[in-house]
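This structure is a prediction, so every number in the text was calculated from the model and none was measured.
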Amino acid sequence: MNSSSILQTGAAVASQCAVSPERVRQIIIEQSKRAGVGHIGSALSVADIIAALYGHVLRIPSTRDPQRDRFVLSKGHAALALYAAFHLKGWISQEVLDTFCDDGSLLGVHPEHGLSGVDFATGSLGQGLSFGVGSALAARRQGSSRRVFVLLSDAELNEGAVWEAVMFAAHHKLANLVAIVDWNGQQAFGYTRNVIDQSRITERWTSFGWDAHNLDGHNVPKLVNLINGFNTVNGAPHVIIAHTTFGKGVSFMERQIKWHYSPMSDDDYIAAKREVGTTL
Amino acid sequence: MRGAFARTLTELAEKSPRIFLLTGDLGYMALEPFADKFPDRFINVGVAEQNMVGIATGLAEAGYIPFVYSIVTFATLRPYEFIRNGPVIHRLPVRIVGVGGGVEYGHNGASHYGLEDVGVLRVQPGLTVVAPADHEQTRTALVKTWDMDGPIYYRLGKDDKVTVPGLNGRFEFGRAELIKEGSDLLIASMGGITPEAFAAAETLESEGVSCSVLVVSSLNPCPTDDLARHLARFRTVLAVEAHYAVGGLGSLLSEVIAERALNCRVIRQAVRTTPDGRTGSQAYLYAKNGISRQAIVDAALSSTRERKAAALA
């Protein structure tokens with residue numbers, strides 16, 4: 001069965017599961033083990049943010065509706081969390097989900113253009129916010145109430161191009177743009193404070209003209225309430241510094257640099273399953 | 001060509017609400033016709049070319065046809081990865097407009113030269129590359145290609161006065177334009193240096209060398225069939241370009257000759273060395289880099305002598 005026919009089948013057998021952080025985490029653990037790949041800690045870090053967005057915030061009547069809200073996973077290496085949400089929304093079947101990282105699959109380590117639901121392919125850090133800015137600008141010029149959400153990593157803010165987009169969005173008062181920074185304090189090769197110090201990050205965004213907020217990035221109700229309270233018609237663009245724990249939900253992965261890249265051994269998997277409650 | 005671009009785009013924008021123009025803070029005294037008429041579809045994004053291409057990607061996903069404008073090197077090399085990961089991978093109709101191909105920004109120095117843009121962009125299979133030879137052809141090329149699928153790179157010159165004799169603004173996508181017919185030698189030219197190539201051909205004619213002159217403006221996808229048709233008639237082609245020897249027109253012709261197993265020698269009249277810090281006018285830099293009218297004539301005569309000597313031997 002080719003990918004497009006699998007996708008159609010997936011839509012027809014839409015799962016009724018809610019997009020809960022627990023289910024997102026279970027899928028991350030199951031699929032990363034099945035595929036034998038890493039980036040597990042990064043995906044676990046954003047599981048609650050993804051659950052908040054896809055469960056309670058994003059207005060997406062269909063993935064092809066031009067008036068749908070747009071979402072850019074600028075930290076593309078957390079794509080498995082995104083695929084989990086797509087599955088829980090009923091957009092991709094279990095059969096498709098099980099192709100993650102297979103030859104010919106549309107579900108790669110980073111989100112690819114071509115998978116319905118992925119508005120913008122990412123993987124090269126520092127580009128997603130610019131895509132989102134253009135998308136928000138288009139919505140405004142077209143008189144649409146659709147909103148644009150961009151999820152960035154904290155280390156991604158090392159990229160200078162992010163700040164080009166930050167300045168532009170503030171200057172043009174793109175109130176329909178919401179950036180969320182996954183503030184887990186880790187990057188591939190170390191802790192962010194030891195690589196490029198980004199202290200006083202909220203003040204940095206505020207000084208650039210953004211409406212900046214700090215929040216526990218694992219508290220779904222608070223995330224939802226905050227975002228749904230944003231004025232997305234007038235005023236400054238919004239940013240949430242979402243304080244998260246890298247590897248959240250699997251104790252031996254939490255705050256451990258190793259789990260940026262490492263895949264799980266069989267023993268790791270047994271221990272991780274126990275913690276996230278996967279049924280496999 | 002930039003004046004022709006701005007005027008033509010303004011006309012097209014009257015018909016299509018999808019056209020949007022972004023500039024990286026360049027185009028003063030060139031883009032005003034558009035900016036004045038369509039202030040809601042014109043944005044100076046500031047000196048931020050990566051962001052400009054990223055924004056254009058977002059606009060194009062929502063249905064716009066955004067043109068992004070800057071000097072060649074800033075429009076192409078600075079945001080190269082944004083071009084690849086944005087409009088190219090997403091197959092979106094973003095138009096990259098670079099002004100000042102080659103050494104047109106002479107006195108401004110090496111930072112402002114555009115000597116590798118065609119080479120690095122035409123390696124992208126999904127990116128159309130167009131390099132008009134004069135302002136009349138710029139207009140035709142824009143009118144005929146602006147609403148094509150996928151991204152396009154337009155390599156423009158600054159000049160809006162000089163016209164290429166015999167071209168009369170002709171442009172067909174995927175075709176090269178023959179502007180002079182001769183039997184001894186083929187001169188193929190890309191972009192704003194074409195008037196020099198044509199003048200060289202006229203000088204050669206007076207020296208007894210009969211030249212055809214081919215204007216190659218449609219560079220990617222490679223117009224293989226059309227180029228092969230012309231190349232098959234000659235034993236020697238001089239590729240004239242204000243571009244590095246690798247990656248540009250000379251490389252393109254070499255690829256066609258090799259793939260079609262044609263019996264034609266390529267002489268690349270192109271820039272072969274890194275700028276050494278000595279700046280000057282475009283004419284000075286053409287001469288310095290061996291791509292002036294005289295250098296083309298000398299190369300053609302030398303090749304003709306070699307061929308005759310070989311025939312006698």
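Heavy atoms of other residues, nucleotides or ligands lying less than 6.0 angstrom from CG of D197(A) number more than 12.
The greatest number of non-hydrogen atom pairs below 4.5 Å with chain B, out of Q127(A), H171(A), H113(A), is found for Q127(A).
The side-chain contact (heavy atoms from CB on, under 4.5 Å) test with F131(A) is passed by exactly one of T57(B), I55(B), V53(B): T57(B).
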The test is side chain to side chain donor-acceptor pair (under 3.5 Å); show your working for Q50(B) and S130(A) and say whether it passes. CA-CA 8 Å; Q50(B) 298 177 80; S130(A) 288; over 6 Å; no
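Rounded to the nearest 0.5 angstrom, M52(B) CE and E164(A) CD are separated by 9.5 Å. The structure places CG of L59(B) at 8.5 Å from OG of S135(A), a figure rounded to the nearest 0.5 Å.
Interface residues of residues 117-131 of chain B toward chain A, defined by a heavy-atom distance below 4.5 Å: none. Inspection of non-hydrogen atoms places F20(B), D40(B), R41(B) of residues 4-42 of chain B under 4.5 Å from chain A.
Between R146(A) and E61(B) there is no salt bridge, since none of the side-chain N atoms of the basic residue sits less than 4.0 Å from a carboxylate O of the acidic one.
Looking at heavy atoms from C-beta onward, N85(B) lies out of side-chain contact with T122(A) at the 4.5 angstrom threshold. The shortest distance between side-chain heavy atoms of F168(A) and I43(B) falls below 4.5 Å.
In terms of modelled atom types and a separation under 3.5 Å, the side chain of H90(B) and the main chain of A121(A) share a donor-acceptor contact.
Only the side chain of H172(A) comes within contact range of chain B, with heavy atoms under 4.5 Å apart. With a 4.5 angstrom heavy-atom cutoff, E49(B) touches chain A only via backbone atoms. For chain B, no part of R140(A) is nearby; none of its heavy atoms comes within less than 4.5 Å.
Here the closest heavy-atom approach between residue A138(A) and residue G58(B) is recorded as CB-O, 4.4 Å.
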